[in-house]
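Not measured: the values here are computed from a predicted model. In what follows, every heavy atom counts, from backbone to side chain, and hydrogens, waters and symmetry copies are set aside.
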Amino acid sequence: MSINTLKAEKIINFGEKSYKAKMSLDTVIRIEDALGTSILKVGQRLSGGELSMTEVIAILNLSIRAGGNDTKDSDVKELVAEIGLVDAIKICGELIT
């Protein structure tokens, strides 16, 4: 569910926990830097099933942090473990698109 589409903010749910995530231009640039590729290629790799879980966790963590939350990769790994890999990839896809 989007909460402010003009600011690219979205609420993402990990079971019972919800976080505001933000996919601003700055967040996109940080994702590109972290993954070493363009956001368009990230989207292509995601749709082709070629994105690693390390990359999914990086994308989730950067977008959640941009939403104003103080999370670490280890926190996001725990959230992903709770909801499962497929749902985590779906959330990542929603953020990228």
Side-chain angles (χ1 to χ4, degrees):
M1 167 202 288
S2 292
I3 59 170
N4 189 338
T5 55
L6 296 177
K7 290 187 177 182
E9 294 175 347
K10 179 176 278 241
I11 296 294
I12 55 176
N13 299 305
F14 294 91
E16 295 180 12
K17 296 179 184 176
S18 297
Y19 293 90
K20 180 171 73 169
K22 189 173 183 178
M23 286 298 287
S24 64
L25 179 60
D26 185 58
T27 309
V28 170
I29 291 169
R30 289 175 190 263
I31 290 169
E32 289 178 337
D33 285 345
L35 302 185
T37 190
S38 75
I39 198 70
L40 293 174
K41 290 199 180 206
V42 171
Q44 289 172 343
R45 291 181 57 219
L46 179 66
S47 67
E50 300 171 10
L51 210 58
S52 72
M53 284 311 298
T54 302
E55 293 169 319
V56 169
I57 288 168
I59 292 166
L60 292 173
N61 191 34
L62 288 168
S63 62
I64 291 169
R65 289 183 63 80
N69 302 284
D70 186 23
T71 57
K72 300 177 212 142
D73 279 350
S74 59
D75 300 325
V76 177
K77 286 176 187 176
E78 288 179 23
L79 294 170
V80 168
E82 288 178 23
I83 64 167
L85 304 178
V86 173
D87 286 339
I89 292 168
K90 285 180 187 176
I91 291 170
C92 187
E94 290 173 16
L95 291 170
I96 297 294
T97 58

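Of all heavy-atom pairs between Ala66 and Thr27, the closest is CB-OG1, 3.2 Å. Nearest heavy atom pair, residue Ala8 against residue Ser24, reads CB-N, 4.2 Å.
Heavy atoms of other residues, nucleotides or ligands lying less than 6.0 angstrom from CZ of Arg65 number more than 12.
With a 4.5 Å cut-off on side-chain heavy atoms, Met23 and Ile31 count as touching. Side-chain contact between Glu32 and Thr37 is absent, with no heavy atoms from C-beta onward closer than 4.5 Å. Using a 4.5 Å heavy-atom cutoff, the side chains of Leu51 and Ile59 are in contact. Contact check for Tyr19 versus Asn13: no side-chain heavy atoms found under the 4.5 Å cut-off. A heavy-atom distance below 4.5 Å is found between the side chains of Met53 and Ile89.
Remark: the backbone N or O of Ala21 is not paired with any side-chain donor or acceptor of Ser63 at under 3.5 angstrom.
To the nearest 0.5 Å, atom OG1 of residue Thr71 and atom CD1 of residue Ile57 are 11.5 Å apart. Rounding to the nearest 0.5 angstrom, the gap separating the CD1 atom in Ile96 from the CZ atom in Arg45 is 11.0 Å. Interatomic distance, NZ of Lys22 versus CD of Glu9, reported as 5.0 Å (0.5 Å rounding). Residue Leu62 holds its CG atom at 9.5 Å from CG of Asp33, rounded to the nearest 0.5 Å. Distance OG/Ser18 to CD1/Ile12: 9.0 Å, rounded to 0.5 Å.
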Does Lys17 form a side chain to side chain contact (heavy atoms under 4.5 Å, CB included) with Glu82? I'd like the steps, not just the answer. CA-CA 10 Å; Lys17 296 179 184 176; Glu82 288 178 23; 4.1 Å; yes
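With sequence neighbours excluded, no residue forms a salt bridge (Lys or Arg N to Asp or Glu O under 4.0 Å) with Asp73. Partners of Ile83 under the side-chain contact (heavy atoms from CB on, under 4.5 Å) rule, at least two apart in sequence or in another chain, are Phe14, Asp87, Ala88, Ile91.
Taking a 4.5 Å side-chain heavy-atom cut-off between Ile, Leu, Val, Met, Phe, Trp and Tyr, the cluster of Val86 contains only that residue.
No single ILVMFWY cluster, assembled from side-chain heavy atoms under 4.5 Å apart, contains both Leu35 and Ile29.
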